[in-house]
Amino acid sequence: MSKTPKPSASKDSSTRRSFLRQAPLLATGAIAACAQSEQQTAPAIQSQQHFKWKMVTTWPKNFPGLGTGANTLAKYIEAMSGGRLQVKVYGAGELVPASGVFDAVSGGTAEMGHGVSYYWKGKHEATQFFAAVPFGLNANEINGWLRYGGGQELWDELYAQFGLKAFPVGNTGVQMGGWFNKEINEVGDFSGLVMRMPGLGGEVLRRLNATVKSLPGGEIFQALKTGAIDATEWVGPYNDLAFGLHQAAKYYYWPGWHEPGTALEGMVNAKALAALPSDLQAIVAYACQAANEDMLNEFTARNNGALQILVKKHGVQLRRFSDELLTEVGKTAADVVAEIAGKDPFSNKVYTSFDAFRSASVSYTRISEEAYTQARALTFG
Ligand code: CA
């Protein structure tokens, strides 16, 4: 690169034109020379090394959106690496049960996992902030917090304690409020209800005197159908239709105050990641980012059509939680979430970061996304 000529003020214009004509060629030649030099110094054997990873998931194998999202991630990694890193995806129960995914990846039984971090609140309360917080961040906002608002750094700090690195890999968007066999008109109607709801939303319902179950997705339909539970939430129209939940409950409530934009997670065993050549490490990271976007795109597209099928074909009764109910639930949720901050200094740090981002989001979202959808509805609603 040192041979590249430099134009000087003393050269005449024809010399300068000559340089300008040659410059792209000279630059290309310099880049090629650098690349050749790096190829000579990099161990060639490393670039050809092949890896086979296992990805355990908390979803039934190939479950629409969530399970297929894990498949998409594996497909992206294999395609981007030219087959040098192959990832075999396991559904819940195939290698480990849904509840065993975190330990399997932390312990190295599998190199990767796909799930949702609020399943791991038994490991640390703060895991819940990286998935969904009742009345918390929507999909755009949580992606913004994680990538540009300090959230990812906190997630890294937390998961490093378990020998893990996590990436956001997918988002459901705002979920539905759940399936019920009776109308929920006031907050007191939650009292005595046996409802499936994971994470912090479940804790909110517990405070409202419901009995809360945290069943994995694959067990929900049977539990609702047999009356083992009275009510459930799952995801939204696309996923709920796939499980046939409309065959086990009559009323479908909105909005999903408990999961306003649930971030799914791809977790990687930190030692397995560090053992990869640097280009494969980058491929894992960027494949996660691409799969993160892809899943939200799919939910956005498919929820619309699934809702029409649920209502028009299956006669599902849509109901909106009242403002009074949402206000009461919101107050309880604020208490529940703030209490996590008091559990330990790290949880307080995560809560503080999250809460500041939420406050800022409320101010801007009100005059951007929220204002726009209201404006659109004036003509198209
Ligand atoms: Ca859910």
Side-chain angles (χ1 to χ4, degrees), residues 57-60 63-70 92 98-99 101 114-121 127-139 141-142 168-180 184 190 193-206 208 210-224 229-246 248-249 251-265 292 295-296 298-300 302-303 306-307 310 316 318-319 321 326 329-330 333 336-337:
T57 70
T58 60
W59 326 114
F63 186 75
L66 302 170
T68 55
S99 59
V101 165
H114 189 258
V116 57
S117 64
Y118 57 45
Y119 287 161
W120 322 125
K121 71 172 207 168
T127 57
Q128 300 172 100
F129 286 102
F130 306 103
V133 170
F135 299 92
L137 305 177
N138 68 23
E141 292 163 355
I142 198 165
V169 178
N171 197 299
T172 63
V174 63
Q175 300 199 359
M176 286 292 283
W179 295 89
F180 301 83
I184 304 295
F190 284 120
L193 208 64
V194 181
M195 183 164 181
R196 183 267 180 190
M197 185 176 282
L200 291 164
E203 182 54 32
V204 172
L205 286 188
R206 228 172 254 123
L208 300 171
T211 299
V212 178
K213 306 279 186 186
S214 185
L215 303 173
E219 297 176 20
I220 295 174
F221 175 80
Q222 198 62 18
L224 189 60
I229 55 176
D230 302 319
T232 189
E233 70 80 57
W234 173 224
V235 181
Y238 175 42
N239 278 178
D240 295 4
L241 176 65
F243 267 160
L245 297 179
H246 56 281
Y251 299 109
Y252 197 22
Y253 270 83
W254 58 282
W257 53 268
H258 60 297
E259 295 195 70
T262 303
L264 289 311
E265 70 175 358
N292 188 44
M295 191 191 292
L296 182 59
E298 185 181 6
F299 274 107
T300 301
R302 301 203 195 282
N303 275 332
L307 181 65
L310 285 169
V316 164
L318 281 177
R319 293 285 187 277
F321 289 128
L326 290 170
V329 174
V336 166
V337 177

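Atoms within a ligand are numbered from 1 in the order they appear, just like the ligands themselves. No hydrogens, no waters, no symmetry mates; every other heavy atom, side chains included, goes into these values. This is a predicted model, so every value here is computed, not measured.
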If you consider just the N/O/S atoms, which atom of E233 is the closest one to the Ca ion (ligand 1)? OE1
Tell me, please, if G256 has any N/O/S atom, main chain or side chain, under 3.0 Å from the Ca ion (ligand 1)? no
Tell me which N, O or S atom of E259 sits nearest to the Ca ion (ligand 1). OE2
In Å, rounded to the nearest 0.5 Å, how long is the span from CD of E203 to CG of L208? 10.0 Å
Under 3.0 Å from the Ca ion (ligand 1) - does any N, O or S atom of T262 fall there? no
Between E259 and T172, do the side chains contain an N or O donor and an N or O acceptor separated by less than 3.5 Å? no
Partner of V204 under side chain to side chain contact (heavy atoms under 4.5 Å, CB included), picked from F190, F135, W257, is W257
Any luck finding a side-chain donor-acceptor pair between H114 and E265 under 3.5 Å? no
